[in-house]
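To start, the structure itself, in structure tokens.
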Protein chains: 2
Amino acid sequence: MATKKRTRQQKPENKRLDIRDVARHAKVSIATVSRTINRVPSVDKDLAKRVWKSIAELNYFPNTQARALVSGRSRILGLLISEITNPFFPELIQGFESIAVENNYEILIGSTNYDVPSMESCIRRLLERNVEGVAVMTFGIEGPLLNELASRNIPMVFVDEAPPSPRVSTLLVDYRQGIREGVQHLAALGHRKIAFITGPLQQRSCQLRRDAFLHSLEEIGLKLPKEWLPAGDHTLEGGMRAMEEILRLKELPTAVMCSNDMTAIGVLRVLARAGLRVPEDISVIGFDDIHLAEFVNPPLTTVRMSRADLARAAFEALRIHVEGTEKTAKQIWPIPTRLTVRQSTGFPPGTMPKLASRTKA
Amino acid sequence: MATKKRTRQQKPENKRLDIRDVARHAKVSIATVSRTINRVPSVDKDLAKRVWKSIAELNYFPNTQARALVSGRSRILGLLISEITNPFFPELIQGFESIAVENNYEILIGSTNYDVPSMESCIRRLLERNVEGVAVMTFGIEGPLLNELASRNIPMVFVDEAPPSPRVSTLLVDYRQGIREGVQHLAALGHRKIAFITGPLQQRSCQLRRDAFLHSLEEIGLKLPKEWLPAGDHTLEGGMRAMEEILRLKELPTAVMCSNDMTAIGVLRVLARAGLRVPEDISVIGFDDIHLAEFVNPPLTTVRMSRADLARAAFEALRIHVEGTEKTAKQIWPIPTRLTVRQSTGFPPGTMPKLASRTKA
DNA sequence: TTGAAAGCGCTAACAC
DNA sequence: GTGTTAGCGCTTTCAA
């Protein structure tokens with residue numbers, strides 16, 4: 001009778017096996033099963049073998065919720081992105097997820113859609129599910145986010161700029177390098193009139209990209225009329241609008257750099273529609289190097305910022321705080337960028353170096 | 001002393017508030033707090049008000065894991081897709097997620113990447129997290145999946161074809177309608193030589209699309225040499241390869257339909273590279289109507305299969321089984337398709353109706 | 001209508 | 001090295 005303490009008499013059908021079933025089957029205590037599963041070294045080899053055998057025979061696997069409840073560890077990481085339909089993000093998600101899953105974490109994706117209410121709803125969801133850390137890949141600091149998460153001391157990682165906090169790290173993208181390469185590539189081809197279509201400037205990241213561009217221009221002694229610095233919004237449509245704006249100007253640039261690839265693809269679209277050839281009439285450079293960049297017409301010259309790098313660094317940054325014992329202060333994770341030359345860049349119009357001019361140069 | 005049953009003396013800092021804190025603050029029992037939160041009608045109005053006030057003041061929210069553990073309901077739905085970097089899927093995810101979140105579900109995304117091991121790993125993850133239902137949007141039945149999930153009686157929804165099981169429903173896409181519209185649109189323009197690039201034919205969905213095409217062709221008395229039915233794989237690169245194959249043939253079709261938009265975009269790319277104009281030299285039709293379709297050059301005429309429809313139907317199909325008491329048998333959810341005409345389709349070459357021929361027609 | 005208490009499946013002291 | 005047991009935070013009988 002004493003053994004029948006549990007109310008449940010029979011395993012109701014469709015009820016998942018629990019640790020007790022395994023213990024019974026292997027003729028050990030549930031503690032031993034638990035220890036075996038968690039690979040506590042002190043377990044006797046033979047017992048462990050028996051337990052694993054039972055686990056296999058019964059096809060048992062532990063209940064994550066129960067584990068999370070008692071251990072205080074959900075093994076869930078939050079991944080906050082701006083917008084899943086922007087191709088940049090799926091590529092990032094893919095990388096982050098695969099590393100997370102390899103390490104037995106699950107990820108919860110939240111799309112902030114650039115607006116505060118949906119961002120708050122995302123945070124609430126993450127909090128309710130007890131995420132152990134959050135990667136904020138929205139390319140901007142999200143104010144309210146901070147308070148809610150940081151006050152709970154949840155590890156976070158941001159891109160470009162992070163609030164100072166002990167368990168917060170930063171992925172520091174080296175925009176300078178790649179964008180400078182882009183500018184110098186254009187300059188080397190002979191371009192002097194280079195426009196830049198920015199992203200949404202509320203995002204720190206977009207300011208940085210623009211600044212990197214302006215700086216690179218200055219470095220080589222070029223000036224930029226401000227009409228050549230229109231704002232896009234990192235969407236294809238935004239790129240189209242910005243390029244249309246440029247086309248209405250009296251003086252046209254011979255090259256256009258863009259704050260991201262979707263913008264550049266919009267630019268390509270408008271140019272094609274306007275009957276301008278790329279790169280013969282105008283050169284275009286993007287930023288990100290999304291998969292699609294290689295397949296537009298012409299294949300896009302662009303600055304690569306690796307999603308794999310970003311994903312890996314984000315995960316590692318979180319892991320150090322989530323799993324580590326070290327109380328290290330805020331960490332900086334550098335992310336390089338580099339120009340990928342394809343076919344959307346060429347000599348400026350009217351300077352096509354024929355054999356003659358080539359020898360001249 | 002009796003009240004000090006709990007070991008924990010002081011709330012450790014950074015410890016989340018629990019239901020006891022709220023109960024203490026509102027001076028009621030935890031049962032009342034629980035009932036209030038779960039909107040059990042029997043709770044006294046005044047008490048409930050007091051509880052809600054405490055909840056607000058303390059900024060309390062319940063622990064999802066604990067809830068899940070005791071209630072047996074995780075409020076998590078699985079969403080299985082083929083590949084997150086195919087733009088079709090993010091658009092689908094977005095729809096599914098927003099409906100799910102509205103209804104207080106969380107989603108767990110699994111990318112099967114077209115291979116069995118990673119599919120199995122996905123299923124394991126879903127099972128471990130106790131998903132309440134799974135939307136299998138991989139456009140193919142996944143054998144092993146079935147057994148693991150179905151044997152646990154977990155509600156599922158498939159596209160096109162589902163294993164017969166009481167808690168499984170099917171989203172039945174009406175390929176016929178949209179694809180017939182596409183074929184007839186081409187025929188009406190005067191095309192008689194229409195090729196079709198299939199998707200990966202292991203997928204039932206791709207067979208159905210091809211069959212719908214063949215059937216539509218037959219309907220209007222057209223024949224198809226089998227060289228005009230090359231296989232793509234629903235990627236841009238696959239579309240390029242298939243189109244290159246076609247271009248090597250002695251006799252070229254005047255129009256190409258594709259099993260999905262990414263394929264069509266690849267086709268466009270190859271044609272542009274080959275110096276063929278679309279639609280003057282050859283017409284192209286896609287399938288899906290992804291966002292990008294509108295922005296390629298030229299804007300793609302394509303058959304729309306709404307991701308929003310798909311997402312909504314998938315969610316509702318699951319919800320009925322997850323929440324419902326009804327033991328309805330397998331359900332069918334029809335999903336319509338419809339042609340969207342843009343600019344990648346036109347008259348076949350050599351038939352450009354000048355004024356003369358137009359009057360003749 | 002409310003509260004006390006059992007227990008969801010598991011981990012981690014603690015005892016042996 | 002192994003087993004016993006006290007909870008993790010919550011929902012849900014069962015009594016009152």
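Just so it is clear: chains get the letters A, B, ... in the order the sequence lines come, proteins before strands, and each one is counted from 1.
Remark: A:Arg124 qualifies as a cation-pi partner of B:Phe61 under the 6.0 Å distance and 45° angle criteria applied to the six-membered ring.
Side-chain contact, A:Arg67 with A:Asn38: a donor N or O sits under 3.5 Å from an acceptor N or O. With hydrogens and angles left out, the side-chain atoms of A:Ser29 and A:Thr32 include a donor and acceptor closer than 3.5 Å. Between B:Asn103 and B:Arg75, the side chains place no donor N or O within less than 3.5 Å of an acceptor N or O (distance only, hydrogens not considered).
Note: CZ (A:Arg50) to P (D:dG1) measures 16 Å, nearest angstrom. If you measure from atom CG of B:Asp18 to atom P of D:dG9, you get 5 Å, rounded to the nearest angstrom. In this entry the distance linking NZ of A:Lys27 with P of D:dG3 reads 13 Å, nearest Å. Computed from coordinates, the B:Lys49 NZ to C:dT1 C1' distance equals 17 Å when rounded to whole Å. We find that CG of B:Leu69 is positioned 9 Å from P of C:dC8, with the value rounded to whole Å. Taking atom CD on A:Gln65 and atom P on C:dT11, their separation rounds to 13 Å, with Å as the unit. For the pair A:Arg24 CZ and D:dT2 P, the computed distance is 20 Å after rounding to whole Å. In this structure, CZ of A:Arg20 is placed 15 Å from C1' of D:dG3, rounded to the nearest angstrom.
Exactly one of A:Glu106, A:Arg125, A:Glu128 qualifies for a side-chain contact (heavy atoms from CB on, under 4.5 Å) with B:Glu106. That residue is A:Arg125.
Between the two ends of the helix from C:dT1-D:dA16 to C:dC16-D:dG1, each summarised by a five-pair axis, the helix axis turns through 40° (rounded to 10 degrees).
Of the candidates C:dG9, C:dT2, D:dT2, the closest approach to any side-chain atom of A:Asp44 belongs to D:dT2.
When the side-chain nitrogen and oxygen atoms of A:Thr32 are compared with OP1 and OP2 of D:dG3, one or more of them lie within a distance under 4.0 Å.
With sequence neighbours excluded, the residues satisfying side chain to side chain contact (heavy atoms under 4.5 Å, CB included) with B:Glu83 are B:Thr85, B:Asn86, B:Asn113, B:Tyr114.
Each of B:Leu47 and A:Tyr60 lies near DNA chain C, and the nucleotide nearest B:Leu47 is the one positioned closer to the 5' end.
Side-chain contact between A:Phe96 and A:Arg312 is absent, with no heavy atoms from C-beta onward closer than 4.5 Å. Looking at heavy atoms from C-beta onward, B:Asp21 lies out of side-chain contact with B:Ile19 at the 4.5 angstrom threshold.
Although no hydrogens or angles enter the test, the distance criterion places a donor-acceptor pair under 3.5 Å between the side chain of A:Ser74 and the main chain of A:Ile76.
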**OP:** Using a 4.0 Å cut-off on protein heavy atoms (strictly under), produce a 5'-to-3' string for nucleotides 11-16 of chain D with B for base contact, S for backbone-only sugar-phosphate contact, and - for none.
**Re:** BBB---
